[in-house]
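What follows is a single structure, written as structure tokens, with notes after it.
Throughout, protein chains are lettered first and strands after them, A, B, ... in sequence-line order, and every chain is numbered starting at 1.
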Amino acid sequence: MVKGSTEVALAIMNVVAMVPCGSVATYGQVAKLAGFPKHARYVGTLLKNMDVNSHLPWHRIINGQGGISLSKLDDQGMNFQAALLMAEGIVLENGKVDLKRYQWRVAG
DNA sequence: GATCAGGCTCTAA
DNA sequence: ATTAGAGCCTGAT
């Protein structure tokens with residue numbers, strides 16, 4: 001992962017890695033915190049390339065509407081990401097997350 | 001080297 | 001509040 005990664009990728013996955021458990025962050029937020037408010041798309045593009053071995057909370061990254069853009073479905077017939085989110089105590093309503101309740105707020 | 005596509009967001013009507 | 005168009009950047013072909 002580190003090899004071939006640009007400073008943008010490093011900054012993004014750095015922010016993603018610091019997202020607290022039980023909270024979610026939007027692509028734009030991660031990109032902005034990373035220092036690249038325009039790289040909202042790249043966040044997804046990057047996480048897409050990331051494997052589960054990345055041990056990064058990529059599942060905590062969702063779009064601005066609190067919805068999951070992924071199409072990956074698990075045995076439960078639901079989004080694989082959604083399952084991970086619920087596993088952290090996050091409640092999904094209508095397949096979406098209440099950003100007002102779970103969106104990650106920067107402590108500092 | 002150029003072109004196309006993508007897990008998005010912002011601004012305008 | 002919803003719909004439509006433009007913008008930014010990288011990865012793959």
Side-chain angles (χ1 to χ4, degrees):
Chain A
M1 175 51 61
V2 180
K3 180 164 52 178
S5 298
T6 64
E7 65 175 319
V8 185
L10 292 172
I12 289 171
M13 76 177 192
N14 179 32
V15 175
V16 174
M18 67 187 290
V19 176
C21 180
S23 299
V24 297
T26 64
Y27 296 95
Q29 184 173 9
V30 173
K32 188 171 73 172
L33 290 171
F36 304 89
K38 315 297 186 180
H39 292 60
R41 301 189 81 169
Y42 182 51
V43 177
T45 302
L46 176 64
L47 270 54
K48 173 177 60 176
N49 285 298
M50 288 209 186
D51 279 337
V52 191
N53 296 324
S54 301
H55 76 76
L56 284 175
W58 62 271
H59 57 268
R60 291 178 196 158
I61 311 305
I62 56 181
N63 60 23
Q65 279 87 40
I68 299 174
S69 309
L70 280 171
S71 303
K72 256 329 196 185
L73 301 180
D74 67 349
D75 295 343
Q76 298 182 20
M78 56 195 291
N79 281 312
F80 187 74
Q81 184 171 1
L84 292 170
L85 292 175
M86 292 192 302
E88 299 193 349
I90 297 173
V91 178
L92 274 74
E93 295 183 1
N94 195 11
K96 290 184 179 178
V97 179
D98 283 354
L99 295 175
K100 291 180 173 286
R101 270 174 55 88
Y102 296 103
Q103 185 169 34
W104 174 38
R105 300 181 195 176
V106 183

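Rounded to an integer number of Å, the gap from R41(A) CZ to dT9(B) P is 10 Å. Rounded to whole angstrom, the span from the CG atom of L85(A) across to the C1' atom of dG7(B) amounts to 13 Å. Remark: P of dC8(B) and NZ of K96(A) are 13 Å apart, rounded to the nearest angstrom. A straight line from CG of L84(A) to C1' of dG7(B) spans 14 Å, rounded to a whole angstrom. Rounded to whole angstrom, the span from the CG atom of L46(A) across to the C1' atom of dA5(B) amounts to 17 Å. Y27(A) has its OH atom 24 Å from the P atom of dG7(C), to the nearest Å. One can place CD of Q65(A) at 9 Å from C1' of dT9(B), the figure rounded to the nearest angstrom. The interatomic distance linking K48(A) (NZ) with dC8(B) (P) rounds to 9 Å, in whole Å.
Comparing T45(A) and G64(A), the nucleotide of DNA chain B nearest to each residue sits closer to the 5' end for T45(A).
Of the candidate nucleotides dT10(C), dG11(C), dC8(B), dG11(C) has the atom lying nearest to any side-chain atom of N49(A).
Pairing of dG7(B), defined by two Watson-Crick or G-U wobble distances under 3.5 Å, is not identified with any nucleotide. The partner of dC8(C), taking Watson-Crick or G-U wobble pairs whose two distances both stay under 3.5 Å, does not exist in any strand shown.
Although no hydrogens or angles enter the test, the distance criterion places no donor-acceptor pair under 3.5 Å between the side chain of N94(A) and the main chain of K96(A). Looking at E88(A), its side chain never comes within 3.5 Å of a backbone N or O of P20(A) through a donor-acceptor pair. A donor-acceptor contact shorter than 3.5 Å links the side chain of Q29(A) to the backbone of W104(A).
Nearest approach of L99(A) to Q65(A), heavy atoms of both residues: CD1-C, 4.1 Å.
Base contact: I61(A) has a heavy atom under 4.0 Å from a base atom.
Y42(A) has no side-chain polar atom (N or O) that falls below the 4.0 Å cut-off from OP1 or OP2 of dC8(B).
The line from CD1 of I68(A) to CG of L84(A) is 9.0 Å long, rounded to the nearest 0.5 Å.
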